Amino acid sequence: MAEIHLEIPPRLDYLAVVRLVVASAAALDPPLPESRLDDLRLAVTEACSNAIKAHRPEAEDEPVVISCRLADDRFQVDIRDRGPGFDPDALSALPDVADPKRLQHESGLGISLIRVLTDDVTFAAAPDGTIVSMTLNRPSPSA
Amino acid sequence: MAEIHLEIPPRLDYLAVVRLVVASAAALDPPLPESRLDDLRLAVTEACSNAIKAHRPEAEDEPVVISCRLADDRFQVDIRDRGPGFDPDALSALPDVADPKRLQHESGLGISLIRVLTDDVTFAAAPDGTIVSMTLNRPSPSA
Amino acid sequence: MELEISDSDASVDTHGWTVLTATGEIDVAAAPGLREQLVELIEAGTTELVVDLEGVDFIDSTGLGVLIGAVRRARSADGDLRLVCTNSRLLKVFDVTGLDEVFTIVDSVDDAVAVAVDGI
Amino acid sequence: MELEISDSDASVDTHGWTVLTATGEIDVAAAPGLREQLVELIEAGTTELVVDLEGVDFIDSTGLGVLIGAVRRARSADGDLRLVCTNSRLLKVFDVTGLDEVFTIVDSVDDAVAVAVDGI
Ligand SMILES: Nc1ncnc2c1ncn2[C@@H]1O[C@H](COP(=O)(O)OP(=O)(O)O)[C@@H](O)[C@H]1O
Ligand SMILES: Nc1ncnc2c1ncn2[C@@H]1O[C@H](COP(=O)(O)OP(=O)(O)O)[C@@H](O)[C@H]1O
């Protein structure tokens, strides 16, 4: 099983590089379909921008680490930060879109996007940060 | 000084990913000019395809490591393999282009391309392989 | 991301609406530039705004947040902000977030400016 | 990299030359496909060949090596292989390797087929 690791400084201007790397890794044979590559680009951007924002300022010399694992049946990407950690199940829900109060909220969409766009996601607490693992299934070759 | 590390399996189909990563890292502020990005893409491809070819089959689970160092005045990229090493000064020169025998040689252009396209290159023997370090100077901001 | 504001002499009649054309990627790195431009326009009284996303190939949650904030500001100044978007990539993001029910999303600048604010 | 071979019914008169149009990146991963196609053509007697590189945006030393081998094969069968290339990115690579003196590089397919093999 092939792996690609990318380490970047915890800075938002590196997100475009991360998108490129992850999407081009996932486009390798057997490629994810184009629409799933879009899902992956967005999910990785959300997870990675959270990771960069969470990264402790004292750890600014330590990288955010992006690891891709390419298996025949799935593509997995882990994003690891050195942040305070969080409980993804304790996030409060946004108001319903029909509720005028929805317009008061300009943030808070990232984790729910990740959940919708990936086939599986786990948030693991590491001793010094968080590892977000996202999986997208590859179409089976018989399909 | 920002650093980006990329680890790939020693396989030639990953070269396109490497080009993307290195060129997009070098395009970050302050960017290398477009024509130097082309030089970088080609030099990195040559060094990395040599690294992949030299990588010992027994070490196929160990990655080829590409490290970019972004400084204000220069962009440096190191490529590290687990191969037998070599002496870059002992390579025999290709026949002159005016010599009909030149057409007998379909390989052997990589190292000389790297030398021409970069501002500096060193080949260092590591205990278990080679590290090729290439530097491209960034234009000074006053220019 | 690049931004361009329609100019009132432009050949296309926008019925007084101002068209902001964005191109490229609206991600967390680009979003502050978009936010600043939109806030500036609305604070200067330009509250009938069209954001043309036809040249945008990527938007993340921060970009969406900027659009949400601008819609709120425009509407509370009795204006509106409408989006031009036919790119299925972006439409999917509006769809999965439910924001297609919050924004007015149309197929062209013509459609965006065809209906007066009260008429919607 | 994608490859396309001109067909003899094509609207452009290539004076009997066969035009192979490559697009994309000719790197070490793509080079074997190009080599195979060129060797196959030359072994089948198609020795007046134009390789159109106008759609190619990257070539590495392995790609150059494939072209060198094909020029050798075509010339030793009394034919030639000519390159169409105006992209400064690629021209720089031909220049720094000195291969611009080995290959016949022209601006268009028309130019490539204008001169008979003996005439050059
Ligand atoms: N990797 C992380 N480390 C620590 N906290 C995180 C991480 N990812 C998300 N969070 C927390 O969860 C919250 C919700 O994240 P998200 O849904 O992406 O929305 P937003 O980032 O817009 O607030 C964040 O505001 C942050 O407090
Ligand atoms: N990283 C490396 N490790 C071991 N040997 C190498 C390495 N890079 C180059 N070489 C040796 O140097 C030779 C010349 O390399 P190069 O100029 O790139 O041409 P080519 O790869 O086409 O032979 C190679 O054939 C190989 O034997």
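Because the structure is a prediction, the values reported are computed rather than measured. Note on naming: letters A, B, ... go to the chains in the order of the sequence lines (proteins, then strands), and numbering restarts at 1 for each one.
Put simply, of A/V97, A/L12, A/L117, the one with the most heavy-atom pairs under 4.5 Å next to chain C is A/V97.
Take A/T130 and apply the side chain to side chain contact (heavy atoms under 4.5 Å, CB included) test, not counting sequence neighbours, and it matches A/D81, A/F86, A/V132. Residues meeting the ring-ring contact (aromatic ring centres under 6.0 Å, His included) test with C/F94, sequence neighbours left out: C/F103.
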Candidate pair C/L99 and A/L109, rule side-chain contact (heavy atoms from CB on, under 4.5 Å), full reasoning: CA-CA 11 Å; C/L99 291 174; A/L109 277 171; 3.9 Å; yes
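Neither the backbone nor the side chain of C/L67 comes within less than 4.5 Å of any heavy atom of chain A. For chain C, the nearby parts of A/L42 are the backbone and the side chain; heavy atoms of each come within less than 4.5 Å.
The ring pair (Phe, Tyr, Trp, His ring centres under 6.0 Å) analysis of residues 45-69 of chain C, with sequence neighbours excluded, yields no pairs.
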Can you pull every donor-acceptor pair closer than 3.5 Å across chain A and chain C?
from, atom 1, to, atom 2, distance (Å)
A/R19, NH1, C/D27, OD2, 3.4
A/R19, NH2, C/E25, OE1, 2.7
A/R19, NH2, C/D27, OD2, 2.7
A/D38, OD1, C/R89, NE, 2.9
A/D38, OD1, C/R89, NH2, 3.2
A/D38, OD2, C/R89, NE, 3.1
A/D39, OD1, C/K92, NZ, 2.7
A/D39, OD2, C/K92, NZ, 3.0
A/E46, OE1, C/S61, OG, 2.6
A/E46, OE2, C/S61, N, 2.6
A/E46, OE2, C/S61, OG, 3.3
A/L103, O, C/R72, NH1, 2.7
A/E106, OE2, C/R72, NH1, 3.2
A/E106, OE2, C/R72, NH2, 2.9

